[in-house]
There are 2 protein chains.
Amino acid sequence: MGQGNLYIISAPSGAGKSSLISELLKQDQKGKMMVSISHTTREPRPGEIDGVHYHFVSHDEFEALIEQEAFLEYAKVFGGNYYGTSLTAIQENLAKGIDVFLDIDWQGAQQIREKISSVKSIFILPPSLEELRKRLIGRGQDSEDVIEKRMSKAVSEISHYDEYDYVVVNDAFEQALADIYHILNAERLTVEYQQIQNLRLLQQLLVK
Amino acid sequence: MGQGNLYIISAPSGAGKSSLISELLKQDQKGKMMVSISHTTREPRPGEIDGVHYHFVSHDEFEALIEQEAFLEYAKVFGGNYYGTSLTAIQENLAKGIDVFLDIDWQGAQQIREKISSVKSIFILPPSLEELRKRLIGRGQDSEDVIEKRMSKAVSEISHYDEYDYVVVNDAFEQALADIYHILNAERLTVEYQQIQNLRLLQQLLVK
């Protein structure tokens, strides 16, 4: 079975990250993947469920968790809301052989990399700025004003793409999904991974 | 299309490296893969064709090529024969977007890594020593004495597995083949690769 790998998945809003992660989890029949559920102080969007999409907590609760050092990373973002990733559950699931995805932005990614050097990171790009704008408008959630803010934030997020290990362009959804599978599979073939995964085989092959 | 990647593929004799490479090339409808043809001074085995499996040359010819610095790497191996990789053709093919495989041993791999830091390397392992011995006997090419020498050489080759980027265990052939595809695909998604491959997209996304 072997240890699971920890992945950071980041993208500008509208690049399709959430749909890709949803589809990965939906196709994951063997329970070998999960997404770490973040804490946030922002209001739930329509359809979002506490404990499924996020742990929705108050500002006071979030700040109490910061003091308890419960977070692997956290950030106060545009609008004043907090987002954070709790260490609990992540390491348990990795030990069970489950790949754990952290759905966080570049700031969170930087904090995680400092603490967990073995983390792998994937950045999802939209195929063009026009397509990104179209997708944000298509969601129908945001006013024109908010969309412009999201576009600026997207460009700023994208400027950090080169801090990531992998870049996936989400032009055709199925191709982007296949790309992520290639990454997850290849990362279970690296020498660092195989040294742990196939320890007994290597010991047998090298004793002579 | 993008630049091709250069791969070292090494394995102990009998791990199934040649069959895996043959199958990759056979399935490669789009001409996106090739194996670099090495020079050697050893005698052709039954069925081996000059210019296809190897460039078969004499000792004198090989040593003349060494003096001309034609080799990216070369080695004199067990039995006194030379094996070497000529730089010609490799870079041309990489530029055409073709992934080029170097089918060489750990000594050649070390020389290549020193000269081309971007090279990626894959080590193929047999699933057990018993299976390796069975495969060597099954080839029916070698005497018992030669098989024992090959087994010792195999263990010595395997001891260098940790100098490689990836390790593929060739237990089930189809799975090992799929593993190699995952690696080839994932290596075209690394940030280093995408920065070149998707340069225009990144420039467009970041100009605002």
Side-chain angles (χ1 to χ4, degrees), chain A residues 12 15 120-133 148 151-171 175-176 178-198 200-208, chain B residues 12 15 120-133 148 151-171 175-176 178-198 200-208:
Chain A
K120 300 292 165 179
S121 56
I122 303 172
F123 198 91
I124 316 285
L125 284 180
S128 67
L129 279 186
E130 301 75 60
E131 179 61 25
L132 187 68
R133 188 186 304 271
E148 281 320 301
M151 285 299 290
S152 295
K153 191 163 171 283
V155 174
S156 144
E157 181 78 22
I158 291 169
S159 72
H160 292 272
Y161 84 93
D162 60 355
E163 297 162 18
Y164 288 72
D165 298 307
Y166 296 100
V167 173
V168 169
V169 180
N170 185 15
D171 187 1
Q175 182 59 53
D179 286 349
I180 295 174
Y181 280 119
H182 289 311
I183 295 166
L184 303 183
N185 282 300
E187 283 292 341
R188 287 181 176 246
L189 298 164
T190 63
V191 69
E192 296 81 11
Y193 187 86
Q194 291 280 48
Q195 277 175 324
I196 299 165
Q197 167 75 356
N198 279 304
R200 285 185 58 192
L201 170 62
L202 285 161
Q203 285 172 336
Q204 191 237 340
L205 291 174
L206 292 171
V207 171
K208 210 193 164 177
Chain B
K120 300 292 167 180
S121 57
I122 302 174
F123 197 90
I124 315 285
L125 283 180
S128 66
L129 279 187
E130 300 78 58
E131 179 61 25
L132 187 68
R133 188 185 304 271
E148 281 321 299
M151 285 299 291
S152 294
K153 190 162 172 282
V155 174
S156 144
E157 181 80 22
I158 292 169
S159 73
H160 292 273
Y161 83 93
D162 60 356
E163 297 162 17
Y164 289 71
D165 297 307
Y166 296 99
V167 173
V168 169
V169 180
N170 184 15
D171 186 1
Q175 182 58 53
D179 285 350
I180 296 174
Y181 280 119
H182 289 311
I183 294 166
L184 302 184
N185 282 300
E187 283 293 341
R188 287 182 176 246
L189 297 164
T190 63
V191 69
E192 297 80 11
Y193 187 87
Q194 291 278 49
Q195 275 175 324
I196 299 165
Q197 167 76 356
N198 278 305
R200 286 185 59 192
L201 170 61
L202 286 161
Q203 284 173 335
Q204 190 237 344
L205 291 174
L206 292 171
V207 170
K208 211 196 163 172

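Letters go in sequence order (proteins before strands), and every chain restarts at 1.
Of the atoms belonging to A:Asp165, it is backbone heavy atoms, and not side-chain ones, that fall under 4.5 Å from chain B. Of the atoms belonging to A:Pro126, heavy atoms from both backbone and side chain fall under 4.5 Å from chain B. For chain A, the nearby parts of B:Tyr161 are the backbone and the side chain; heavy atoms of each come within less than 4.5 Å.
The only member of A:Leu189, A:Thr190, A:Val191 that meets side chain to side chain contact (heavy atoms under 4.5 Å, CB included) when paired with B:Val167 is A:Val191.
Between A:Gln204 and B:Leu129, the shortest heavy-atom contact is NE2-N, 3.5 Å. Residues B:Leu201 and A:Leu125 come closest through the heavy atom pair CD2-CD1, 4.2 Å.
In this structure, NE2 on B:His182 lies 9.5 Å from CG on A:Leu184, to the nearest 0.5 angstrom. If you take OH on B:Tyr166 and CD on A:Glu192, they are separated by 9.5 Å, rounding to the nearest 0.5 Å.
Of the residues considered (A:Leu202, A:Asp162, A:Ile183, A:Leu132), A:Leu202 shows the highest number of contacts with chain B, using heavy-atom pairs under 4.5 Å.
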